[in-house]
Amino acid sequence: MLPSQALLPSVVFALTALQALASDTFIAAVYEHAVILPDPSEEPLSPDDALALMNKNMDVLEGAIQEAAQKGAHIIVTPEDGIYGWRFTRESIYPYLEDIPDPVVDWIPCTDPSRFGRAPVQERLSCMARNNSIYVVANIGDKKPCNSSDPGCPRDGRYQYNTDVVFDPQGKLVARYHK
């Protein structure tokens with residue numbers, strides 16, 4: 001899939017979110033960067049090592065978000081897999097995943113980071129949105145426990161989703177889309 005094709009669902013998602021918020025006009029920024037990838041491995045990293053890699057990519061995204069906001073953008077769409085990359089098995093991606101709550105919970109991770117457990121990526125993205133007064137659309141991984149009585153529940157007892165999230169200019173989680 002071409003990079004522009006990979007971004008299309010995120011852009012449509014972001015534009016829909018803005019339309020739902022009744023914005024008459026807005027300036028949008030779409031950003032792409034060379035993602036810092038983990039070393040190829042079948043073995044999972046520790047959660048701390050996974051977060052260290054994601055922080056390197058979020059450092060790059062943070063600069064782009066700041067620049068977009070300074071240039072008047074109201075929303076920025078960041079790249080698919082732009083925070084952790086794409087070289088994973090089901091097991092090796094697990095340390096990169098966070099539990100992303102349903103946005104109806106009215107949550108600003110930047111100001112209440114531990115409300116739903118450990119969520120450092122959501123906290124940082126929320127703060128980037130809040131500190132720059134801009135909507136931030138990002139692609140991260142979500143994990144949801146499931147019960148063995150659910151016939152679709154994987155053997156490891158969890159669903160894993162490639163997920164787009166949107167944080168509003170106050171840092172509030174306003175949308176979550178399991179792709």
Side-chain angles (χ1 to χ4, degrees), residues 7 9-11 13-14 16-18 20-21 28-38 44-70 73-86 88 92-145 158-179:
L7 285 175
S10 294
V11 170
F13 178 64
T16 302
L18 275 178
L21 296 169
V30 177
Y31 177 73
E32 188 77 34
H33 77 273
V35 179
I36 301 164
L37 299 171
L45 293 177
S46 72
D48 288 339
D49 287 344
L51 181 58
L53 176 90
M54 291 187 289
N55 275 326
K56 289 177 185 177
N57 284 304
M58 287 192 293
D59 289 346
V60 175
L61 292 176
E62 189 166 23
I65 290 166
Q66 289 170 345
E67 183 177 352
Q70 288 168 355
H74 300 103
I75 184 170
I76 184 167
V77 179
T78 64
E80 170 98 21
D81 299 325
I83 294 177
Y84 50 76
W86 52 87
F88 298 101
S92 67
I93 198 166
Y94 187 72
Y96 296 85
L97 307 179
E98 293 183 0
D99 184 14
I100 305 168
D102 187 313
V104 299
V105 299
D106 192 26
W107 181 43
I108 300 175
C110 186
T111 60
D112 189 8
S114 59
R115 180 173 170 197
F116 295 100
R118 186 175 187 269
V121 173
Q122 293 173 82
E123 177 185 357
R124 186 156 181 205
L125 290 169
S126 170
C127 290
M128 287 182 212
R130 184 178 181 91
N131 294 340
N132 293 286
S133 300
I134 189 171
Y135 283 87
V136 173
V137 180
N139 178 249
I140 62 177
D142 190 7
K143 60 184 177 183
K144 297 288 179 230
R158 65 180 181 263
Y159 289 111
Q160 296 179 178
Y161 300 98
N162 178 7
T163 305
D164 285 337
V165 293
V166 180
F167 294 94
D168 74 9
Q170 289 75 42
K172 180 180 173 186
L173 177 66
V174 294
R176 175 192 72 187
Y177 173 67
H178 290 149
K179 298 174 74 181

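Just so you know, these numbers use all the heavy atoms, side chains as well, and skip hydrogens, waters and symmetry mates.
Annotation: side chain of Pro113 is not in contact with side chain of Arg115 (no heavy-atom distance under 4.5 Å). In this structure, the side chains of Tyr94 and Pro44 stay at 4.5 Å or more apart for every pair of heavy atoms. The closest side-chain heavy-atom distance from Tyr159 to Lys143 is not below 4.5 Å. Val166 has its side chain out of reach of Val136: every pair of non-hydrogen atoms, C-beta onward, lies at least 4.5 Å apart. Under the 4.5 Å side-chain criterion, counting only non-hydrogen atoms from C-beta, Pro169 is not in contact with Ile134. In this structure, the side chains of Val137 and Thr78 stay at 4.5 Å or more apart for every pair of heavy atoms. Counting heavy atoms from C-beta on, the side chains of Tyr161 and Lys179 never come closer than 4.5 Å. Put simply, the side chain of Leu45 reaches to within 4.5 Å of the side chain of Tyr96, judged on heavy atoms.
Partners of Lys144 by side-chain hydrogen bond (donor to acceptor under 3.5 Å, both in side chains), not counting sequence neighbours, listed by chain and number: Asp99, Asp142. Every residue was checked against the salt bridge (Lys or Arg N to Asp or Glu O under 4.0 Å) condition with Asp49, not counting sequence neighbours, and none meets it.
Between Lys56 atom NZ and Met58 atom CE the span is 12.5 Å, to the nearest 0.5 Å. With rounding to the nearest 0.5 Å, the separation of CG in Leu97 from CD1 in Ile93 is 5.5 Å. The CD atom of Glu62 sits 13.0 Å away from atom CD of Glu67, with the distance rounded to the nearest 0.5 Å.
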Side-chain donor/acceptor pairs under 3.5 Å, residues 103-110, sequence neighbours excluded:
from   : atom 1 : to     : atom 2 : distance (Å)
Asp106 : OD1    : Lys172 : NZ     : 3.1
Trp107 : NE1    : Asp112 : O      : 2.7

(request) Decide side-chain contact (heavy atoms from CB on, under 4.5 Å) for Leu37 and Trp86; before the verdict, give the C-alpha distance in whole Å, the side-chain angles of both, and the deciding distance to 0.1 Å. (result) CA-CA 8 Å; Leu37 299 171; Trp86 52 87; 3.9 Å; yes
(message) Under the criterion side-chain contact (heavy atoms from CB on, under 4.5 Å), I'd like the reasoning laid out for Val35 against Ile83: C-alpha separation, chi angles, the key distance, then a yes or no.
(response) CA-CA 7 Å; Val35 179; Ile83 294 177; over 6 Å; no
(request) Just do the side-chain contact (heavy atoms from CB on, under 4.5 Å) check on Thr111 and Gln170 with the steps written out, would you? (result) CA-CA 10 Å; Thr111 60; Gln170 289 75 42; over 6 Å; no
(request) Tell me, with the steps shown, if Val30 and Ile76 meet side-chain contact (heavy atoms from CB on, under 4.5 Å). (result) CA-CA 6 Å; Val30 177; Ile76 184 167; over 6 Å; no
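Checking side-chain atoms of Ser126 against main-chain N and O of Arg124 turns up no donor-acceptor pair under 3.5 Å. Checking side-chain atoms of Asn132 against main-chain N and O of Ile65 turns up no donor-acceptor pair under 3.5 Å. Panel note: side chain Asn139, backbone Thr163; a donor-acceptor pair is recorded below 3.5 Å. For Arg176 (side chain) and Asp164 (main-chain N/O), no donor-acceptor pair under 3.5 Å exists by modelled atom type.
Aromatic ring pairs are classed by plane angle as parallel below 30°, tilted from 30° to 60° and perpendicular above 60°; the pair Phe88 and Tyr84 is perpendicular.
The two atoms that bring Glu98 and Gln122 nearest to each other are OE1-NE2, 2.9 Å, heavy atoms only. Of all non-hydrogen atoms in Ala68 and Ala29, the two that sit nearest each other are CB-CB, 3.9 Å.
Side chain to side chain, Asn162 and Glu80 meet the donor-acceptor criterion of an N or O pair below 3.5 Å.
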